[in-house]
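Here's the structure, in structure tokens; my notes come after.
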Amino acid sequence: MLTIYLDAVWLLNFFLDWMILLLTHSLSKSRSPRYRLALGAVVASLLVPLNLFYPSSLWATPAGKGLFSLLIIFTSFGYRNIRLFARRLFLFYFVTFSIGGGLFGLYYFLNEQIFVSSGVIVTYQTGFGDGISWLFVLIGFPIVWIFSKRRMDQLVVQKIKYDEILPVSISVNNHVQQLMSFVDSGNQLVDPITKQPVIICDEAVMKGWFKEEEWENIHQVQQTLNFELVPEGWTDKFRIVPYQGVGGTSQFMLVLKPDWIRLTIKDNPITVDRVLIGIQFGQLSPDESYQCLLHPHLLKSIAVDSA
């Protein structure tokens, strides 16, 4: 006869539910406050006593667990409309299956003292305070969570069609220009200090924000890195970003901080202000089909929302 000790059952399941909700929150770009996620994890962890002490109750059935998941999502994210609620619910299930399998596999690798009873992870034989159980809580959970989040972020970025040309609006000093952009999967340039992604615009677009004399001075800044030549009123807008050129040589690119850029995919607009514009002194496309190279990670939010 197997004796079950509830040494870390509730804590293990609370952390599991909390991490699942955190990852759902991140991938869905929700603005729900973090304390609601903790409250949602508490609600989710109530399945532990319900399933262990009342194994024949409604909540132990698939239908009951489905109803309970609605309560979890409502507690964690609230309700705005049915479409958004359903999207978060299905994303919650996707994250649950993904991260739950990784956690179970890691725990089984570390210690075989685990099984699932009525859908609840439990440990046995050693009682409260088992070192492996607590090591799993403190170390295993964050490792699997970080791994899962990075893999999901990569899958979201890979979902984007890189051969797509998209319309983009860019505002600099409240002057907006409309242009076409190309999603460049090879553009991984970021500012090493602020970690902001860098898009690249060609000369034809960039000159639209400056007078002829100002543009000549900006060209000189790129060549000499003499920021005293930056036109008056633009000093706080420019900076340089290091990158590796052809052959691995280190070079610097002059970048400009815009007010914002706006992208639209499948009628889904998104405005981004944490971005920099790298200046290309020349033409990007020989046929002028696009004037901007987008950073692929800028489209991650759109891909998640349209999933």
Side-chain angles (χ1 to χ4, degrees), residues 8-48 51 62 65-110 114 116 119-121 133-160 195 197 268 270 272 274 296-307:
V9 177
W10 182 86
L11 186 59
L12 287 172
N13 283 272
F14 170 80
F15 272 94
L16 173 61
D17 296 325
W18 180 58
M19 284 200 307
I20 289 172
L21 289 171
L22 277 175
L23 199 50
T24 304
H25 179 274
S26 175
L27 293 177
S28 65
K29 304 301 177 183
S30 170
R31 296 183 180 180
S32 178
R34 295 299 178 91
Y35 75 86
R36 293 198 61 163
L37 303 183
L39 184 60
V42 171
V43 172
S45 65
L46 292 178
L47 279 176
V48 174
N51 286 342
K65 292 178 181 179
L67 292 174
F68 209 85
S69 64
L70 297 178
L71 178 60
I72 294 171
I73 297 301
F74 178 78
T75 304
S76 303
F77 303 103
Y79 180 87
R80 291 179 57 188
N81 57 66
I82 186 64
R83 181 173 176 269
L84 185 59
F85 188 85
R87 181 189 303 165
R88 287 170 176 166
L89 177 65
F90 289 123
L91 186 58
F92 171 74
Y93 278 123
F94 173 74
V95 173
T96 298
F97 295 142
S98 300
I99 201 172
L103 289 170
F104 189 88
L106 179 61
Y107 200 102
Y108 184 84
F109 177 78
L110 293 176
I114 182 174
V116 177
V120 178
I121 298 177
S133 296
W134 289 102
L135 182 65
F136 177 65
V137 172
L138 298 176
I139 299 178
F141 271 51
I143 289 175
V144 175
W145 188 90
I146 292 172
F147 174 79
S148 299
K149 185 176 187 304
R150 288 184 176 178
R151 286 300 304 150
M152 289 181 184
D153 284 344
Q154 290 173 3
L155 289 174
V156 167
V157 173
Q158 291 169 3
K159 177 183 175 182
I160 301 167
K195 304 303 180 182
N268 188 10
I270 182 172
V272 181
R274 285 186 52 80
H297 285 271
L298 286 177
L299 305 185
K300 183 172 65 177
S301 299
I302 297 179
V304 169
D305 289 339
S306 60

| Is a side-chain donor or acceptor of H25 paired with a backbone partner of S32 at a separation under 3.5 angstrom? | yes
| query | Between the side chain of S76 and the main-chain N/O of I73, is any donor-acceptor distance below 3.5 Å? | reply | no
| task | Sequence neighbours left out, what passes ring-ring contact (aromatic ring centres under 6.0 Å, His included) with Y79? Give chain and number order. | result | F85
| request: Enter the distance from D17:CG to L46:CG here, rounded to the nearest 0.5 Å. | output: 9.5 Å
| Can you tell me how far OH of Y93 sits from OG of S69, rounded to the nearest 0.5 angstrom? | 2.5 Å
| Rounded to the nearest 0.5 Å, what separation is found between the CD1 atom of I72 and the CZ atom of F92? | 4.5 Å
| note | When every non-hydrogen atom of R88 is compared with those of T24, the smallest separation belongs to O-CG2, 3.9 Å
Report, one line per pair, each donor and acceptor closer than 3.5 Å where one atom sits in a side chain of residues 35-45; sequence neighbours left out.
residue : atom : partner : partner atom : Å
R36     : NE   : T75     : O            : 2.9
R36     : NH2  : F74     : O            : 3.0
R36     : NH2  : T75     : O            : 3.0
S45     : OG   : W10     : NE1          : 2.9
S45     : OG   : A41     : O            : 3.3
S45     : OG   : V42     : O            : 2.7

| field | Partners passing ring-ring contact (aromatic ring centres under 6.0 Å, His included) against F68 (at least two apart in sequence or in another chain) | value | W59
| note | Nearest heavy-atom contact between F77 and L21 is CZ-O, 4.0 Å
| query | In Å and rounded to the nearest 0.5 Å, what is the CZ to CG distance from F94 to L23? | reply | 9.0 Å
